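Being a predicted model, the structure only gives us computed values, none of them experimental.
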Amino acid sequence: MVYLNIKEIMKNNFTIKIDKSWEYVSKDEYECWFKGYISNFDLEGKDAANHILSNFTSEITNLKKVIKNFFGHFSFIVKSSSKIYFVTDNLASYPIFYFLDEKNFYVYTESLSLKKDLKIGSKDLNPKQSFIAARSGFTLGAETLYKGIETLEAGKILEYDIKNNKKYLHNYFIYFLKDSQSTEANNEMDKMSKLNNILNSIFHELKKNVQDKKIIVFLSGGYDSRIIVSYLKEHNFKNVLCISYGQKGNWESYVSKIIADKLEFEWKFVEINHKEISKFYLGSTFKDYFQKADTFCSTPVLNELYVLSLIQDQIPKDSILINGQSGDFISGNHIPKIFFEIKNSYSEDKRYDIILDSIIGKHFSLWTDIIKTEEDIIYLKQVILEDIKHNVSLPRRQYDDYKVYEYYEWKTRQSRFLIRNQKVYDFFNFSWRLPLWDQRLVDFWLKADKSEKQNQNLWLRFIKDKKNIEVWIKYKKKWDVPVWINSLRFFLKFTLGIMVGKKLWHVFQRRFFWWWTDNQFKTAIISYKSWFSDRRVSRNAISYLTELWLKKHHLNWKGKIFK
């Protein structure tokens, strides 16, 4: 950890504490700290920081325009003698945390250090956010689990006035298209051509940026990682390693191997079994990561953590890691069905109710045993609605209400939780890229019509039309592993299942089989005995991971402080 400008910081009653992985440059009266990359200018580190200072303006309207022209994933800080500006990208890829009271302003890039230096403890836990986190796995808005500690949300600028000890927040990007911003009315062929051009630009810049460095792609059987490797092939990337993982004989790896072979890319499989990963969850690497990845905003994400712990020494340290997040979200796959089924014209209150019910049903259901009372539902709706109305309003057309739902998923589950998977790569000191979250691609999908997003219509037609790359064929129907599960489940379904009835059979098979059929064995965060005997109904392994996260902060699984 590096303290910056200690004398001036102490004099002006503010503290900035920045991780040493951020690059620093100064020019005239300005100083800049930067982390990440700007792909369209082929810039990283000090070069990116210098570019920012060369184009920096303290006028917020113009500063927004400058930032919108940066395509990549980054956070940066610019300081002058009178003000400091803090900026996050469209996902808050590199979190910034702050605490402001009447006399002091603290800004840190590591949440644990801020909590420690301020001597914040369980007495300072935020009851509202603890309640929300227990049900969703993340907090809402800028607030964290602790009162006073806030995080700079995605797409925002925090402007701090040093003399007056005042902060001002500005949006330069939100995942929402206002009524005044029209959708594009081009025909489908034109849109598919534009989509192809955007992807070509992204991968052309990627090749220019990474040159001959090794590209590591976590390749599953899904469409998003397939589109990544397809464009790597089209742009003549040679040094590519496709990695698949999970239980031996799983469907995802079966498809992944076929695709990698077709594209003539190197392929590697990393096996996960319950015995070894159960030991891993009790070991020092997991405990160290779980602590360092804690933002006080969401449950730490574990994807590829175990895999990289096994193979990190086999990968060149300057490798670039890539995954397919979150092509399914931006292309429409997360829009609840109800937004395509509504036929009647509803009041504003009813429209909000549909949106709120969809958000709660999808994102606040870690445990079915929680949120049973009407009081809890009313409270959740009030909190979420207040957060929504602070930034967006209902579209003029009821047809477009899904946009509010997408906006809310972007600012919570996507940027607050799922994208934290990149912290696994940061933990092992690997650089990474997220091609499908490039701002140009995000803007394209924001302007797409709902009919084009339904069932990912436009996206699937686009990728399946790519006949020059033969990876878009249908494969065998998915199967569960281990193999004995299929035979035993089939036998029990037509013996025990018939006797107990459909409802009880569903409860039994979930309790008996699900722990084993998690391909990545995230369920091994608890023992099979604990899973089987637990009478609570969890959504998935994330429920138990969230319970562990809350426990670290002296909160139980319902978000209440331990007595």
Side-chain angles (χ1 to χ4, degrees), residues 21-23 25 34-51 70-74 89 93-94 196-220 224-245 256-270 303-304 307-325 327 421-441 466 468-471:
S21 64
W22 290 54
E23 296 287 357
V25 299
F34 179 89
K35 186 173 178 67
Y37 65 94
I38 303 174
S39 58
N40 56 320
F41 291 104
D42 190 21
L43 296 171
E44 297 179 74
K46 292 184 184 295
D47 292 334
N50 277 314
H51 181 80
F70 294 159
F71 304 139
H73 291 97
F74 53 81
D89 64 11
S93 300
Y94 301 100
N196 185 54
N197 289 338
I198 291 171
L199 287 164
N200 277 328
S201 294
I202 292 169
F203 282 86
H204 172 76
E205 292 166 5
L206 177 64
K207 187 170 186 180
K208 182 180 179 182
N209 178 240
V210 306
Q211 297 181 2
D212 295 327
K213 293 176 182 176
K214 198 171 192 68
I215 302 292
I216 309 295
V217 181
F218 293 99
L219 179 62
S220 69
D224 297 333
S225 57
R226 283 197 224 180
I227 202 73
I228 298 292
V229 292
S230 292
Y231 274 88
L232 290 175
K233 183 67 174 181
E234 287 190 29
H235 286 263
N236 204 31
F237 282 77
K238 301 291 186 183
N239 195 11
V240 177
L241 170 62
C242 299
I243 295 179
S244 181
Y245 55 88
S256 173
K257 177 68 164 62
I258 294 174
I259 293 170
D261 287 347
K262 284 180 177 292
L263 299 177
E264 299 180 317
F265 287 153
E266 182 184 359
W267 182 83
K268 182 178 182 64
F269 174 68
V270 181
N303 295 343
E304 289 96 44
V307 172
L308 283 174
S309 74
L310 296 178
I311 65 171
Q312 59 172 314
D313 293 336
Q314 304 170 31
I315 301 174
K317 285 302 178 184
D318 64 348
S319 297
I320 307 295
L321 276 55
I322 299 179
N323 62 44
Q325 290 181 324
N421 183 62
Q422 310 306 112
K423 281 189 131 344
V424 171
Y425 310 155
D426 292 333
F427 178 74
F428 290 106
N429 296 314
F430 287 113
S431 296
W432 52 267
R433 298 291 186 270
L434 273 178
L436 300 189
W437 264 108
D438 184 281
Q439 190 61 47
R440 288 161 290 192
L441 204 54
K466 298 183 67 58
N468 56 321
I469 300 295
E470 297 177 358
V471 299

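Asn323 places a side-chain heavy atom less than 4.5 Å from the side chain of Tyr425. Residues Leu43 and Asn50 have side chains not in contact (no heavy-atom distance under 4.5 Å, counting atoms from C-beta outward). Using a 4.5 Å cut-off on side-chain heavy atoms (C-beta onward), Leu206 and Leu232 make contact. Residues Cys242 and Ile259 form no side-chain contact, since every pair of their non-hydrogen atoms from C-beta on lies 4.5 Å or further apart. Contact check for His235 versus Asn200: side-chain heavy atoms found under the 4.5 Å cut-off.
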* Might you work through the side chain to side chain contact (heavy atoms under 4.5 Å, CB included) test for Lys207 and Asn236, ending with a clear yes or no? => CA-CA 9 Å; Lys207 187 170 186 180; Asn236 204 31; 3.5 Å; yes
* To do: Any chance you could lay out the ring-ring contact (aromatic ring centres under 6.0 Å, His included) test for Tyr94 and Trp432, step after step, and finish with the verdict?
  => CA-CA 12 Å; Tyr94 301 100; Trp432 52 267; 5.6 Å; yes
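The aromatic rings of Trp267 and Phe269 lie parallel to each other, with less than 30° between the two planes, well short of the 60° mark. Aromatic ring pairs are classed by plane angle as parallel below 30°, tilted from 30° to 60° and perpendicular above 60°; the pair Phe237 and Phe203 is perpendicular.
Of the residues listed (His73, Arg433, Glu44), the one engaging Tyr37 in a side chain to side chain donor-acceptor pair (under 3.5 Å) is His73, and it is the only one.
Between the side chain of Asp224 and the backbone N or O of Gln325 there is no donor-acceptor pair closer than 3.5 Å. Side-chain N or O atoms of Asn209 include none that pairs as donor or acceptor with a backbone N or O of Ser39 at under 3.5 Å. Listed for the Asn239 side chain is a donor-acceptor partner under 3.5 Å among the backbone atoms of Asp212. Under a 3.5 Å cut-off, the side chain of Lys233 and the backbone N or O of Phe265 do not form any donor-acceptor pair.
In the displayed structure, Gln314 atom CD is contacted under 6.0 Å by more than 12 heavy atoms of other residues, nucleotides or ligands. Lys46 NZ: more than 12 foreign heavy atoms inside a 6.0 Å radius.
Side-chain contact of Asn303 with Tyr245: a donor-acceptor pair under 3.5 Å is absent, judged by distance alone. Between the side chains of Ser244 and Lys257, not a single donor N or O lies within less than 3.5 Å of an accepting N or O.
The CD1 atom of Ile228 sits 13.0 Å away from the CZ atom of Phe218 when rounded to the nearest 0.5 Å.
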